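In what follows, a structure is listed as structure tokens, so that the remarks can point back to it.
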Amino acid sequence: MNVIKNMEAIFLVTAALATVSTYASAEIPEMRALRNAQISVEGDSKIAVVQVTAKRLTPAQKARGL
């Protein structure tokens, strides 16, 4: 009987969790695209040289990431 009495609270909590999870997962595909970078390591000598090729962030993306 308590579940029926508290159905409104259960609905509100469920709706709030769904809203938060929607906003939290909205940025994931864009961040995955930013992290796709090609990394190559050349190391015949004693010092390894790492060359990272990636797209630079725009000022708007930098501000959003901080």
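Please read all numbers here as calculations on a predicted model, not as lab measurements.
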query = Going from CD1 on Ile10 to NZ on Lys5, what distance comes out if it is rounded to the nearest 0.5 angstrom?
reply = 13.0 Å
ask   = Does Thr58 have any side chain to side chain contact (heavy atoms under 4.5 Å, CB included) partners at least two apart in sequence or in another chain, and if so, which?
value =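 With neighbours one apart ignored, the set is Ala60, Gln61.
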inquiry  = Could you list the cluster mates of Leu12? Members are the ILVMFWY residues connected by side-chain heavy atoms closer than 4.5 Å, either directly or through other members.
reply    =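 Reading the cluster by chain and number, Leu12 sits alongside Phe11.
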